[in-house]
Amino acid sequence: MTPRERILTSLNHEEPDRVPIDLGSSIVTSCTRAAYEPLREHRDLPDEEIVVYDEVQQLPCLGEDVLQRFGVDPRLGQRPPTHVKGVEL
């Protein structure tokens, strides 16, 4: 199943091939920068510039390598504010 099919199947109260995993597709499913940096280090992922799109909560834009490593299905669904340095819409 594709991530889209997996999510739609779940929303239709049917059983997908596996439970959809969400990490970082919205401000309520993300993780803080303080958790994200050690996570990248623990998983031996390459260093990258971390762009924080919510300065109050310190929420970073999660790297595609992290999302793929954990089999995350949805991607960021909430657009970051245009004033955030490093964010291009």
Side-chain angles (χ1 to χ4, degrees):
M1 287 187 136
T2 67
R4 180 181 176 87
E5 292 169 339
R6 189 172 295 117
I7 292 168
L8 291 174
T9 299
S10 295
L11 290 174
N12 286 325
H13 303 282
E14 298 170 6
E15 190 171 334
D17 60 340
R18 67 169 174 80
V19 174
I21 298 171
D22 182 7
L23 176 62
S25 72
S26 74
I27 62 172
V28 297
T29 63
S30 195
C31 65
T32 64
R33 181 179 187 148
Y36 183 61
E37 289 174 337
L39 173 68
R40 290 193 65 81
E41 184 178 325
H42 179 72
R43 290 292 173 183
D44 294 323
L45 295 170
D47 290 338
E48 66 174 22
E49 180 182 352
I50 297 176
V51 175
V52 174
Y53 72 89
D54 186 318
E55 295 176 23
V56 174
Q57 298 184 77
Q58 286 293 294
L59 302 178
C61 294
L62 304 181
E64 186 63 29
D65 53 353
V66 170
L67 301 177
Q68 287 184 6
R69 169 65 183 86
F70 289 100
V72 175
D73 292 299
R75 296 300 186 254
L76 183 64
Q78 178 176 334
R79 291 185 155 198
T82 56
H83 71 277
V84 176
K85 180 182 176 184
V87 172
E88 296 179 20
L89 301 178

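- By the side-chain hydrogen bond (donor to acceptor under 3.5 Å, both in side chains) test, Gln68 is found to be paired with Glu64, residues two or more places apart in sequence or in another chain being considered.
- Sparse packing is recorded around CD of Glu41, with 12 or fewer heavy atoms of other residues, nucleotides or ligands lying under 6.0 Å away.
- Qualifying salt bridge (Lys or Arg N to Asp or Glu O under 4.0 Å) partners for Arg4, counting only residues two or more places apart in sequence or in other chains: none.
- In plain terms, the two heavy atoms of Ser30 and Leu59 that are nearest each other are CB-CD2, 4.1 Å.
- Judged as a salt bridge (Lys or Arg N to Asp or Glu O under 4.0 Å), and not counting sequence neighbours, Arg69 has no contacts.
- Asp17 is linked by a salt bridge (Lys or Arg N to Asp or Glu O under 4.0 Å) to Arg6, counting only residues two or more places apart in sequence or in another chain.
- Between Thr9 and Pro16, the shortest heavy-atom distance links the atoms CG2-N, 3.8 Å.
- Taking the side-chain hydrogen bond (donor to acceptor under 3.5 Å, both in side chains) definition, one finds that Asp22 meets it with Ser25, Thr29, sequence neighbours left out.
- Residues satisfying the side-chain hydrogen bond (donor to acceptor under 3.5 Å, both in side chains) criterion with Asn12, sequence neighbours excluded, are absent altogether.
- One hydrophobic cluster, built from ILVMFWY side chains closer than 4.5 Å, holds both Phe70 and Leu67.
- Classification of Arg43 and Asp65 as a salt-bridged pair fails, no side-chain N sitting under 4.0 Å from a carboxylate O.
- Residue Val56 is not grouped with residue Ile27 when hydrophobic side chains (ILVMFWY) are merged at heavy-atom distances under 4.5 angstrom, including chains of intermediate members.
- For Tyr36 (side chain) and Gly63 (main-chain N/O), a donor-acceptor pair under 3.5 Å exists by modelled atom type.
- Scanning for side-chain contact (heavy atoms from CB on, under 4.5 Å) contacts around Pro38 gives an empty result, with sequence neighbours left out.
- Met1 contributes atom CE, which lies 9.0 Å from atom CG of Leu8 (distance to the nearest 0.5 angstrom).
- Sorted by first and then second residue, the salt bridge (Lys or Arg N to Asp or Glu O under 4.0 Å) pairs involving residues 29-38 (not counting sequence neighbours) are Arg33-Glu37.
- Gln58 is linked by a side-chain hydrogen bond (donor to acceptor under 3.5 Å, both in side chains) to nothing, counting only residues two or more places apart in sequence or in another chain.
- At a threshold of 4.5 Å between non-hydrogen side-chain atoms, the residues Glu48 and Leu45 do not count as touching.
- Cluster membership for Ile7 and Leu62, using ILVMFWY side-chain heavy atoms within less than 4.5 angstrom, is not shared.
- Shown here for Cys31 and Pro60, the closest heavy-atom pair between the two residues is O-CD, 3.0 Å.
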